[in-house]
Amino acid sequence: MVQVTSSTANSSGVGPFDTRFQTGAAVLSGVFFLVALAIGWLGYDGAELLGTELNVVSGAAGLMVLSFFGVISLVVATYMEPGFDH
């Protein structure tokens, strides 16, 4: 018979909304994705953002960079525990 240690018996599982830390990271990921879509659309439209005229290339670059940070934040929200409460 395999003994279950307290660390495996008390683990909260995997999910983006188990702790406040994970919820904050999931919200930050959503914000990154929304801003990425906005930057991509503004670049496609050729609009101006903060005094800088965007084009398709700069919009696509902003979309990719912010989407990358959104994916990283979503991975953190799903798999990482804060560790400060132990």
Side-chain angles (χ1 to χ4, degrees):
M1 179 157 215
V2 176
Q3 289 280 342
V4 178
T5 63
S6 65
S7 64
T8 57
N10 294 333
S11 66
S12 63
V14 175
F17 301 110
D18 290 341
T19 63
R20 289 188 331 188
F21 175 80
Q22 290 173 323
T23 302
V27 168
L28 184 65
S29 174
V31 169
F32 274 132
F33 283 127
L34 289 176
V35 172
L37 288 174
I39 294 293
W41 179 257
L42 288 174
Y44 174 75
D45 198 30
E48 189 172 312
L49 180 69
L50 300 174
T52 304
E53 185 176 340
L54 298 175
N55 55 19
V56 174
V57 174
S58 61
L63 177 85
M64 288 189 291
V65 168
L66 289 171
S67 295
F68 172 75
F69 286 128
V71 168
I72 296 300
S73 181
L74 191 60
V75 168
V76 166
T78 303
Y79 294 109
M80 192 170 183
E81 293 183 7
F84 295 122
D85 58 348
H86 298 291

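Going from atom CG of Leu28 over to atom OG1 of Thr23 covers 12.5 Å, rounded to the nearest 0.5 Å. Going from atom CG of Leu42 over to atom CG of Asn55 covers 12.0 Å, rounded to the nearest 0.5 Å.
Put simply, the side chain of Ser29 never gets that close to the backbone of Ala25: no donor and acceptor are under 3.5 Å apart.
Annotation for Leu34: hydrophobic cluster partners, listed by chain and number, are none (ILVMFWY side-chain heavy atoms under 4.5 Å, direct or chained). Through side-chain heavy atoms spaced under 4.5 Å, either directly or across other Ile, Leu, Val, Met, Phe, Trp or Tyr residues, Tyr44 is tied to Trp41.
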Let me have the donor-acceptor pairs involving side chains of residues 61-72, under 3.5 Å, with sequence neighbours excluded, atom names and distances please.
| from | atom 1 | to | atom 2 | distance (Å) |
| --- | --- | --- | --- | --- |
| Ser67 | OG | Leu63 | O | 2.7 |

